[in-house]
Enquirer: 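Sending over a structure as C-alpha cells; questions will come in a sec.
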Protein chains: 4
Amino acid sequence: MIQHNGGGIVLQVDIKSSKPIYKQIMDQIKEGVVKGVFQPGDKLPSVRELSTMLTINPNTVSKAYQELEREGAIETRRGRGTFIVENYKPQADPDRLGQLNDLLKKVVVEAYYLGLSKKELKQMLADLYAKLGGARL
Amino acid sequence: MIQHNGGGIVLQVDIKSSKPIYKQIMDQIKEGVVKGVFQPGDKLPSVRELSTMLTINPNTVSKAYQELEREGAIETRRGRGTFIVENYKPQADPDRLGQLNDLLKKVVVEAYYLGLSKKELKQMLADLYAKLGGARL
Amino acid sequence: MIQHNGGGIVLQVDIKSSKPIYKQIMDQIKEGVVKGVFQPGDKLPSVRELSTMLTINPNTVSKAYQELEREGAIETRRGRGTFIVENYKPQADPDRLGQLNDLLKKVVVEAYYLGLSKKELKQMLADLYAKLGGARL
Amino acid sequence: MIQHNGGGIVLQVDIKSSKPIYKQIMDQIKEGVVKGVFQPGDKLPSVRELSTMLTINPNTVSKAYQELEREGAIETRRGRGTFIVENYKPQADPDRLGQLNDLLKKVVVEAYYLGLSKKELKQMLADLYAKLGGARL
DNA sequence: GTGGTCTAGACCACA
DNA sequence: GTGGTCTAGACCACA
C-alpha cells in the first residue's frame, strides 16, 4: 500500500530568493528524505497539487521533479504520480564527490572570513547532523 | 613596501564551467588568502592585466573585484591599485552566518546521497583544513 | 487444438520505466514470437488475466493488444480470445521500413557516442541474432 | 579561432511527427557530428537564432541544448554561446550500453516483422555506416 | 548578445 | 488524474 504524506507537507518557497525556485524545491525534498519527513515509497504531491500549494507555475515544479529523478532521488510512475525512491543505493560518483569537496572547501573559506574557528565549524557540522536526524546518518 | 604577487599569479578559470567566471575568481582569491598564497597587503593584478592573463572580459574581473571589496576581502586605493586587505577583522554577520549554515546543510544532505558517513565527511573536512593551511585556521 | 501458454507466461513490466507499459508488453510479445516462446496459434492471456497477473490497468493491456492487432502480429477471435497470428506474412511497408532505418541510424549514432567501433556494433548485432534464435532469423 | 558553421545549417523539424521536437533537434545535431557536418569546437546557432530558423519556441531549442549538454555532446560557455564539445571522450556507460542493446534488439525484432533477413539487416547497417561517414566510424 | 528561469496556459499520451 | 511537451513571452545574470 502506498504511503501518502497527506496534508502534512512542509515545503515552502521564497520567491524573492536568488536561489531558483526549482532548486529550493529540490533541496527541501532531499533534506526531507534525510530528515525522514519523506520515507522511501512515499507519494509526493502531484505537479498540479504542489504548484497550487506553493502558488507557483506547474512547469517549475515539473522541472524540480525531473531533476530529482535524474539524480535518482525520486521516480515517476506513468499516470500514477511521483514517489520517493524505494531502494536508493548511493553510488560514489567521482564527479559529484569532487563537487561535494569543492562545496565543503567553500564552506571552510567562508568560515574563515566569518571568523569561525575550526572548532566552531566542526560544532556547526555536528549540530546539523544532530538536527537532521541522528539515526539515519 | 608593497608586495607584488607579480607574474606568479596562479588564478585560472574554466569558461565551460557552470559557475560564473566572476565567482570563480572570487573563490580563488579568497582561497588564496586562506592558503597564504595571497598575503595581506599584496597587490592584485589590475583589471586589465588579469583580464588579459585569463583572456576574459574586463567587466568580469571588475565585477569580481567589486564583490570582493563589498565583502571586505580586498580594497582599492585610488590610483594605486587593488590590494588584499591589511587587517581583516571578521564580523559575525548573521546573514552570512545563516548562508554558511545553509551551505553546510547542503553538504550534509549531498553527502548522504553520495553514501558518505558522518565520519567520512568529518574526515573530508579535516583533510581540507590540513590542505588549506593548518596555521591560519 | 489450441495451445495455451498457460501459467508459464514470462511477461513482466517495469512500472518505473520511462517506456510506456503498453509498449513494454508489445515489445515483449513480439520478442517472444521471434524467440519462439510464443508459437503461431498460441492463445494469449485475456486482457483481464494479464492485467491481473501484471497488476496493471486493463486498459493498458487492451491498448497493447489493439496495437499488436493493427500491426498484424496477433488476432482476436470473437468470443474465443486473442492469438498469435497463424500465417504471418511480412509485407514490406515503406513507412515501417523507413522507421526501421531511422531506428538503426540512431543506433549507429549512439554507438559512436559510446565509443563502439563498427566492428563492435556488428558483433552486438550478431550476438543478438544468436540469442534471439538462430533458426527463425 | 572559433569555427562558425555559418549559414549552412541543415537542421529541420517536423511539427507533425510524434517524436518530440527537442529530440528531433538532438538527434540531428548528434547525427551531424557523426557525419562531420559539425566539427568539434563549432559554434551552434544561438537559442534565439535556431528558434527563429525553425519557427519554434526558444524554450524548445533550449531544452534540446540542455539535454545535449548533459549527454556531453555540446557545451555552453556563459554569455558566448553553445559549442560542439572539443575533446569528446566516449565513456562506456553500462546503462547507456544496455539501452543501446535494447534498441538494437528492437531493430532485430522489427526487421523480422518486416520480413528482412539477417543478411538484409546487416546490409542496411553497412549502408548506414557508409552514408554517415566511413572515416570517423 | 547569450543562455537560464519563470509564468500562464494549452494539448496530449498514458494509466 | 498524472506527468510530458510546447507555445508565447517576460525578466535576469553573465560576459
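To find a chain, count down the sequence lines: A is the first, B the second, and so on, and within it residues start at 1.
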Enquirer: Drop me the distance from C:Glu49's CD to C:Leu54's CG, to the nearest 0.5 angstrom.
Expert: 11.5 Å

Enquirer: Any base atoms under 4.0 Å from A:Ile56, or only sugar-phosphate, or nothing? Heavy atoms, all strands.
Expert: sugar-phosphate

Enquirer: Between B:Lys63 and D:Lys63, just flag the one whose closest nucleotide in DNA chain F comes earlier from the 5' side.
Expert: D:Lys63

Enquirer: By nearest nucleotide on DNA chain E, pick out whichever of D:Tyr65 and A:Asn59 is the more 5' one.
Expert: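 Looking at the nearest nucleotide for each, D:Tyr65 comes out on the 5' side.
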
Enquirer: To the nearest 0.5 Å, how far apart are CZ in C:Phe38 and CG in C:Leu11?
Expert: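 C:Phe38 atom CZ to C:Leu11 atom CG measures 4.5 Å (nearest 0.5 Å).
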
Enquirer: By the 4.0 Å heavy-atom rule, please label C:Ile15 as base, sugar-phosphate, or nothing.
Expert: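 It contacts nothing in the nucleic acid.
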
Enquirer: Whole Å only: how far is the CD atom of A:Glu69 from the C1' atom of F:dG4?
Expert: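 It is 11 Å, rounded to the nearest whole Å.
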
Enquirer: For A:Leu44 and F:dT2, what is the distance between atoms CG and P respectively, to the nearest whole Å?
Expert: 13 Å

Enquirer: Consider the side chain of D:Glu49, meaning its heavy atoms from C-beta on, and name the nucleotide among F:dT7, E:dA15, E:dT2 that approaches it most closely.
Expert: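 Nucleotide nearest to D:Glu49's side chain: E:dT2.
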
Enquirer: Between F:dG4 and A:Gln66, is there an OP1 or OP2 to side-chain N/O distance shorter than 4.0 Å?
Expert: yes

Enquirer: Taking the six-membered ring for Trp, is the centroid-to-centroid distance between B:Tyr65 and B:Tyr22 below 6.0 Å?
Expert: no

Enquirer: Checking base pairs now: Watson-Crick or wobble, both atom distances under 3.5 Å. What partners E:dG1?
Expert: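 Its partner is F:dC14.
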
Enquirer: Does A:Thr60 or C:Thr60 map to a spot on DNA chain E nearer the 5' end, using the closest nucleotide for each?
Expert: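 Result: A:Thr60.
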
Enquirer: Can you measure from NZ (D:Lys30) to CD (D:Glu71) and round to the nearest 0.5 angstrom?
Expert: 3.5 Å

Enquirer: Provide, to the nearest angstrom, the distance between the CZ atom belonging to D:Arg78 and the C1' atom belonging to F:dC12.
Expert: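 Answer to the nearest Å: 11 Å.
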
Enquirer: Rounded to the nearest Å, what distance is computed from the CD1 atom of residue C:Ile21 to the C1' atom of nucleotide F:dT2?
Expert: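 These atoms are roughly 12 Å apart.
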
Enquirer: Looking at side-chain heavy atoms only, is the closest gap between C:Leu44 and C:Leu50 below 4.5 Å?
Expert: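 Answer no - side chains too far apart.
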
Enquirer: With a 3.5 Å cut-off and heavy atoms only, can you find an N or O donor on one side and an acceptor on the other between the side chain of A:Arg48 and the base of F:dG1?
Expert: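 Per atom types, no contact qualifies.
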
Enquirer: Just the rounded figure in Å: distance from P of E:dA15 to CG of C:Asp14.
Expert: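 Distance, rounded to whole Å: 12 Å.
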
Enquirer: What is the distance from CZ of A:Arg80 to C1' of E:dA15, rounded to the nearest Å?
Expert: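 Atom-to-atom, A:Arg80 to E:dA15, this comes out as 8 Å.
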
Enquirer: For the pair made of NZ in B:Lys23 and P in F:dC14, what is the distance, rounded to whole Å?
Expert: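 It is 6 Å, rounded to the nearest whole Å.
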
Enquirer: Checking all strands, does D:Asn57 fall into the base, sugar-phosphate, or nothing category for heavy-atom contacts under 4.0 angstrom?
Expert: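 Touches a base.
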
Enquirer: When we call it a touch if two heavy atoms are under 4.0 Å apart, what does A:Ser18 touch: a base, just sugar-phosphate, or nothing?
Expert: nothing

Enquirer: Is any side-chain N or O of A:Ser62 closer than 4.0 Å to OP1 or OP2 of F:dG3?
Expert: no

Enquirer: C:Lys19 NZ to E:dA13 C1': how many Å, rounded?
Expert: 16 Å

Enquirer: Just checking B:Lys19: does its NZ atom have more than 12 heavy atoms from other residues, nucleotides or ligands closer to it than 6.0 angstrom?
Expert: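 Result for NZ/B:Lys19: enclosed.
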
Enquirer: Side chain of D:Tyr22, heavy atoms from C-beta onward: which of E:dT2, F:dT5, E:dG4 has the nearest atom to it?
Expert: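 Ranking E:dT2, F:dT5, E:dG4 by closest atom to the D:Tyr22 side chain puts F:dT5 first.
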
Enquirer: Look at D:Thr76 and E:dT2 and indicate whether a side-chain polar atom (N or O) is within less than 4.0 Å of OP1 or OP2.
Expert: no

